[in-house]
Amino acid sequence: MPLKRIAFFIFVSSYFTVFGQQAETEKRQINIVYGANFTKDEAKFPGASIFSKDDQRQVQFEHQGADLWCDVAIFYAQENRLKAIGNVRMQQGDSIEMNSGKLDYDGETKLARAWEKVDLRDTQMRLTTDTLYFDREKQVSFYKTGGKVVDSVNVLTSKIGNYFMELEKVQFRDSVHIDNPDYIIDSEQLDYYRVSKNAYMYGPSTIVGEDYTIYCERGFYDTTIEQGYGVKNTRINYSDRIIVGDSVYFDKAKSFASATNNIQVTDTINKGRIRAHYAEIHKEKDSVFATKRAVAVSLVQQDSLYIHGDTLLVTGPSESRILRAFRNAKFFKTDLSGKCDSIHSSEETGITQLIRNPIMWNVDNQMTGDSIHLLSNKKTEQLDSLKVINNAFVISFDTIGKLGYNQAKGKDLFGKFIDNKLEIIDLVKNTEVIYYMYDDKQELIGIDKTICSKIRLHMLNNDIEEITFFVNPDGDIFPEKELPVENRKLEGFIWRGDERLYTKDDIFDEDDNNIELVKIRGIDAPVDIDTEERERSGLPPLQEDPKAKNLNQNTKATKPKRPTLKKVG
């Protein structure tokens with residue numbers, strides 16, 4: 001290339017480079033729109049131009065889509081920054097306006113610091129604080145000395161706040177408080193979306209409504225309809241019940257709450273508890289539905305009674321509550337246990353019914369019949385009596401000589417509890433007995449085999465202490481050798497000792513113990529709550545630009561999985 005042509009190329013390139021730099025500088029430069037009165041004070045403000053308002057209007061500046069008005073401006077043109085003093089107003093577009101007593105603004109970084117009665121407003125929200133920092137480049141403002149946000153629904157206050165304008169979100173931290181006519185929220189950290197009015201809570205958080213209190217350390221709440229959930233250390237005080245679980249969901253409008261994984265529902269009036277891995281609470285129906293390793297626990301004279309079924313249903317007000325255990329029902333107490341197809345227990349009548357194929361053990365005594373009823377004293381809340389209706393049969397293993405089984409049968413059985421211990425058993429109609437009798441040295445006397453109209457068994461320490469026969473008993477005591485083995489069992493004898501429940505854990509089958517818990521989104525894996533909010537609002541994902549990415553990284557949170565709702569009845 002000829003030398004002249006090279007020189008010309010360098011000249012043209014240099015010209016456009018300088019021209020471009022000047023254009024970029026002019027683009028970044030703060031512009032004076034109206035200067036009014038002009039002066040300088042090199043002693044106090046070296047290098048600055050001082051502008052003050054006149055009788056007509058305030059001083060006005062413009063910078064990249066934002067206008068600023070004030071009474072006095074100290075403008076450093078060389079450094080492209082200014083100090084605004086007195087009735088400061090900054091407006092960005094048609095939607096954002098900030099008022100304050102003073103403001104510092106840097107045109108190079110587009111950073112502003114406003115203080116003295118700062119008031120930031122847009123079309124939906126008003127933010128007030130003592131000092132506010134405003135990053136126009138990232139469209140973020142924040143305060144560190146306490147602030148208040150007011151919108152159409154809530155009044156929110158905190159010590160620290162970050163307002164992300166593009167995301168339309170305010171992130172509150174430290175002593176967060178929301179005041180609403182229907183509820184109050186206190187939290188350690190809360191992210192609030194201005195359009196949806198959705199709140200995401202982190203750290204110890206409490207929501208107090210008209211008839212409920214919610215505590216969680218990570219959760220979501222729709223402040224417009226009072227609906228939400230918690231996924232960390234969540235607890236709901238709901239009417240006369242307390243609900244805890246890994247994930248707890250609440251809906252005020254539907255008077256509904258549900259919980260998933262490691263649940264406990266406590267009846268604060270009747271002192272009963274339900275534990276399960278899924279439960280629903282319907283306030284208007286006054287009911288609790290529970291499944292997945294469900295168990296109801298109540299206190300009976302300083303001893304816990306455990307009732308289990310594939311499904312548990314508790315209905316009715318406190319004074320007349322009914323507990324139902326459906327399919328594969330079982331119960332356990334220290335000296336009493338049993339199983340059947342279903343259990344029906346009424347608080348009002350004090351009757352617990354074992355329905356369909358029932359079997360019950362009073363320690364070592366096996367009892368069967370077509371239907372078994374346990375009756376409690378409603379005043380003392382102690383077990384009072386027992387009924388076995390149709391085909392009543394009592395069996396216990398001969399623990400002394402280990403020669404066979406003690407047996408008693410009749411049409412019906414009536415038992416009496418004293419101090420929660422079964423002490424009297426009456427068998428009536430067509431009764432029969434086979435009983436191994438021993439002397440004080442525990443040597444076998446013989447085997448009693450008798451038929452009569454009624455038999456009374458007196459129990460001591462859950463063993464048969466005495467047998468009384470009523471109305472023309474017919475039988476005898478046979479030496480062991482004179483009563484063949486095949487004659488030592490009454491008709492209908494079935495020993496089911498291998499099914500007996502020895503501990504409270506025996507009420508659960510293998511299927512109950514191998515339940516796989518639902519993986520609740522948000523407990524372990526962190527997710528971006530800005531993305532979650534857009535999903536909830538039906539909006540497309542945010543574009544992955546560096547600015548958005550930085551904002552998102554500062555607001556990482558975990559997203560819970562809302563429990564699957566089931567309809568009961």
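Just so we're clear, the structure is a prediction, and the values are computed from it rather than from any experiment. Basis for what follows: all heavy atoms, side chains included, without hydrogens, waters or symmetry-related copies.
The 12-atom threshold is not exceeded at CG of Asn430, counting heavy atoms of other residues, nucleotides or ligands nearer than 6.0 Å. Around the NZ atom of Lys197, the shell of radius 6.0 Å holds more than 12 heavy atoms that belong to other residues, nucleotides or ligands. Around atom CZ of Arg500, more than 12 heavy atoms belonging to other residues, nucleotides or ligands sit under 6.0 Å away.
The aromatic rings of Phe332 and Tyr306 sit tilted relative to each other, their planes meeting at an angle between 30° and 60°. Between Tyr183 and Tyr221, the angle of the ring planes goes over 60°, which puts this pair in the perpendicular group of the 30/60° scheme. Aromatic ring orientation, Tyr238 versus Phe250: perpendicular (interplanar angle above 60°, classes split at 30° and 60°). In this pair, Tyr405 and Trp495 present their aromatic rings tilted. The plane angle is within the 30 to 60° band.
Counting all heavy atoms, side chain and backbone alike, Ala257 lies closest to Ile243 at CB-CD1, 3.9 Å.
Remark: side-chain polar atoms of Ser247 are not paired, donor with acceptor, to backbone N or O of Val231 under 3.5 angstrom. Within the 3.5 Å criterion, the main-chain N or O of Leu490 finds a donor-acceptor partner in the side chain of Gln407.
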Atom pairs and distances, donor-acceptor, side-chain atoms in residues 155-164, under 3.5 Å, two or more places apart:
from: Ser158; atom 1: OG; to: Tyr143; atom 2: OH; distance (Å): 2.8
from: Ser158; atom 1: OG; to: Ile160; atom 2: O; distance (Å): 2.8
from: Tyr163; atom 1: OH; to: Asp122; atom 2: OD2; distance (Å): 2.6
from: Tyr163; atom 1: OH; to: Arg194; atom 2: NH1; distance (Å): 3.3

Sequence neighbours left out, cut at 3.5 Å: what donor-acceptor pairs do the side chains of residues 386-396 make with other protein atoms?
from: Asn390; atom 1: OD1; to: Lys411; atom 2: NZ; distance (Å): 3.1
from: Asn391; atom 1: ND2; to: Asp370; atom 2: OD1; distance (Å): 3.0
from: Asn391; atom 1: ND2; to: Asp370; atom 2: OD2; distance (Å): 3.2

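Looking at Leu323, Ile507, Ile274 one by one, the single match for side chain to side chain contact (heavy atoms under 4.5 Å, CB included) with Ile307 turns out to be Leu323. Across Thr223, Asn154, Thr224, a single residue satisfies side-chain hydrogen bond (donor to acceptor under 3.5 Å, both in side chains) together with Asn180, and that is Asn154. Among Thr234, Asn262, Asn233, Thr260, the one residue that satisfies the side-chain hydrogen bond (donor to acceptor under 3.5 Å, both in side chains) test with Asp246 is Asn262.
Between Asp267 and Arg321, at least one side-chain nitrogen of the basic residue sits less than 4.0 Å from a carboxylate oxygen of the acidic one, meeting the salt-bridge criterion. The existence of a salt bridge linking Asp506 and Lys330 is excluded, since no basic side-chain nitrogen approaches an acidic carboxylate oxygen closer than 4.0 Å.
Contact check for Leu374 versus Phe417: side-chain heavy atoms found under the 4.5 Å cut-off. By the 4.5 Å heavy-atom criterion applied to side chains, Tyr436 and Ile400 are not counted as neighbours. No side-chain heavy atom of Met459 sits under 4.5 Å from any side-chain heavy atom of Lys421. Residues Ser187 and Tyr202 are not in side-chain contact: their nearest non-hydrogen atoms beyond the backbone lie 4.5 Å or more apart. No side-chain heavy atom of Ser376 sits less than 4.5 Å from a side-chain heavy atom of Asp384. For the pair Ile494 and Thr368, the minimum side-chain heavy-atom distance is 4.5 Å or more.
Of the N and O atoms on the side chains of His344 and Ser342, not one donor lies less than 3.5 Å from an acceptor on the other residue. Looking only at atom types and distance, the side chain of Asp448 has a donor-acceptor partner in the side chain of Thr450 under 3.5 Å away. Counted by atom type alone, Arg327 and Thr311 present one or more donor-acceptor pairs between their side chains at under 3.5 Å. Residues Gln227 and Tyr249 have side chains that bring a donor and an acceptor to within less than 3.5 angstrom of each other.
In terms of the side-chain hydrogen bond (donor to acceptor under 3.5 Å, both in side chains) criterion, Asn261 has no residue partners (sequence neighbours excluded).
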